[in-house]
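In what follows, a single structure is set out as structure tokens and then discussed.
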Protein chains: 2
Amino acid sequence: MLSNPVTRQSLHPWCHACPLRRKRAFHPKTDAEIAFTAEFKTDHRRIAAGQEIIYPGQADAELFTLFAGWAFRYKVMQDGRRQILNFLLPGDLIGLQASLLAVAQHGVEALTDVEVCVFPRRKIWDAFVRMPQLAYEMAWLGSREENLTDENLLSVGQRSATERIASLVISLYRRAETLDLVTDRSFDFPLSQQQLADALGLSLVHTNKTWAKLRRAGLFTFGNGRLTLENPRLTERIAAYFERDLVERPIL
Amino acid sequence: MLSNPVTRQSLHPWCHACPLRRKRAFHPKTDAEIAFTAEFKTDHRRIAAGQEIIYPGQADAELFTLFAGWAFRYKVMQDGRRQILNFLLPGDLIGLQASLLAVAQHGVEALTDVEVCVFPRRKIWDAFVRMPQLAYEMAWLGSREENLTDENLLSVGQRSATERIASLVISLYRRAETLDLVTDRSFDFPLSQQQLADALGLSLVHTNKTWAKLRRAGLFTFGNGRLTLENPRLTERIAAYFERDLVERPIL
DNA sequence: CGTGTTCTTGATGCCTTTCAAAAAGGGTGG
DNA sequence: CCACCCTTTTTGAAAGGCATCAAGAACACG
């Protein structure tokens, strides 16, 4: 947490030269689409780690594209139990569900300091009318997110603690890879163990012990918020159990 | 399983007089929308209980509206473990994710004998171009389904076996209610205990014991595939812990 | 260098799984 | 209508994975 409750800083939209869109993770866009997107986008904000991007129950959530940093979607119960639904990496859409359903059924929190592109919700309908290609891509990204959540539900419902941690690490590794965030098999891994636990449906203590066990087993090393996969062979063997994420995707 | 591997029977589309659309669960539609939908719809099929509506990995899955009966989405692991992601009731869209992502990342199985309206996937794009209202409603239904899955993930990740069963029963009850499927606090409940277990991320044995415990506690009775909520007060107290499903929704 | 947060580790208990097998239903053919 | 077979539901017993409780160590920050 920062002392400043809401740290926001507005920057200029500049979609035409968007460096993120160039990553191999994303489809190329037509000039018309880029022009529409640039017009659609009204702001570019920084949000500090730990701040809420969308809070549960929010009725006027905007639509965002995560431009830099990590975030996560979550649900909380009134007694405080929390489930992290999925993690969001650069290029991911934030708040589509909240925008369409009119009231957010979940929260979204910045996991690291974050930059987001802001698209006002009232212009979403415009996109459906004037730029169906973009509307289609929004729906596509919504389906992809659902699939990520499906995958997590499979993990939490069927896999052991060890399997859950391994599959989460590997799937995040792969996602980071498509964004050129991996160097020498290592990448920034900003999750606290409490957040890991909340994502995996495990207690903090047991998460810690299992995490340590996997490190001792030589699957990965972790230090300074950076995770390195140490055993490609082992990793591949484990990873064979999970589906690979879709290759290329649209970006707003 | 039936002896006949695929039991299908084609009937005429007749969207204008669609009896399902009249249910209070659904938004009214404009004449233009209904006309488009009627044109969009190319078939009306019956599928027998236990048959797959979409199989995992399918590349040419169509889009469906579940017209009658129950179904469920699921994922399987190669070693056979299965997670049911969410249940589908009449009016729910089937195969949006599979259509958009081009290859189905999950399966959909008919839980009871089922009737579906068939919308060919190649015409989905037409809808985005020619009938943005319909496209918007598809996206809306996709988001709603994601929310259902989110809710299940919360359950499986955070709730005890007892809580999971109670919340599933109550949420299905409520969904059935909006479709006028509830009479005198009772409704058809076609899940086997194995399916319950797969949806809840529990073993069959423990599901059975917990299920029996809740019956003995007087929450509900069950017989002949019909479930009756017996203790409104208790039910409400438990149900307060869960969010209510959205009130009114679109239908294709 | 003190203080609050995050990470570790040990010990205990129980919720849930696994193993095994009997009981209850459902459907089919004689 | 009953015998027979297969699926689903129940029950009992034992083992184990994960949660909970407690507290010390390692970090991060002002």
Side-chain angles (χ1 to χ4, degrees), chain A residues 1-4 7 48-50 77 79-84 109 111-113 155-166 168 188-217 220-227, chain B residues 1-4 7 48-50 77 79-84 109 111-113 155-166 168-169 189-217 220-227:
Chain A
M1 300 285 175
L2 301 192
S3 49
N4 201 336
T7 303
M77 296 169 59
D79 62 9
R81 284 179 281 181
R82 175 176 79 164
Q83 177 66 39
I84 291 182
E109 182 179 319
L111 183 56
T112 65
D113 289 346
S155 256
V156 174
Q158 303 298 326
R159 297 202 243 254
S160 70
T162 309
E163 294 173 310
R164 287 183 222 182
I165 292 187
L168 180 61
D188 283 324
F189 193 88
L191 312 205
S192 72
Q193 297 195 354
Q194 182 61 66
Q195 289 161 338
L196 262 174
D198 289 346
L200 300 170
L202 296 170
S203 70
L204 173 60
V205 173
H206 198 247
T207 299
N208 176 284
K209 286 172 179 168
T210 310
W211 178 261
K213 190 183 88 177
L214 278 174
R215 281 191 300 175
R216 268 185 261 110
F220 58 80
T221 53
F222 177 76
N224 283 102
R226 220 168 152 81
L227 189 150
Chain B
M1 298 289 175
L2 302 191
S3 50
N4 200 335
T7 304
M77 294 170 60
D79 63 9
R81 284 178 282 180
R82 175 175 80 164
Q83 178 65 40
I84 291 183
E109 183 179 320
L111 182 56
T112 64
D113 288 347
S155 256
V156 173
Q158 303 298 326
R159 297 203 243 253
S160 70
T162 308
E163 294 174 310
R164 288 184 222 182
I165 292 187
L168 180 61
V169 165
F189 193 88
L191 311 205
S192 72
Q193 297 195 356
Q194 182 62 65
Q195 289 162 338
L196 262 175
D198 288 346
L200 300 170
L202 296 170
S203 71
L204 173 59
V205 173
H206 198 246
T207 298
N208 176 284
K209 286 174 178 164
T210 309
W211 177 260
K213 190 184 87 177
L214 278 175
R215 280 190 302 175
R216 268 185 260 110
F220 58 81
T221 53
F222 178 77
N224 282 103
R226 226 174 147 75
L227 188 150

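Below, chains carry the letters A, B, ... as their sequence lines are ordered, and counting in each starts from 1.
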Problem set entry | Full working for side-chain contact (heavy atoms from CB on, under 4.5 Å) between Phe189(B) and Arg226(B) | CA-CA 5 Å; Phe189(B) 193 88; Arg226(B) 226 174 147 75; over 6 Å; no
For this session: Could you check whether the rings of Phe222(B) and Trp211(B) sit parallel, tilted or perpendicular, using 30° and 60° as the cut-offs?
Result: perpendicular
Exercise. Can you check whether Leu168(B) reaches Arg164(B) side chain to side chain, under 4.5 Å on heavy atoms?
Worked result: no
For this session: Would you indicate whether the side-chain heavy atoms of Lys209(B) and Val205(B) approach each other to under 4.5 Å?
Result: yes
Seminar exercise, completed: When rounded to whole Å, the CG to P distance for the pair Leu196(A) and dA19(D) reads 13 Å
Seminar exercise, completed: Under a 4.0 Å heavy-atom criterion, the protein footprint on nucleotides 6-25 of chain C, written with B, S and -, is -SBBBB----BBBB------
Exercise. Hey, is the main chain of Ala199(B) close enough, under 3.5 Å, to the side chain of Gln83(B) for a donor-acceptor pair?
Worked result: yes
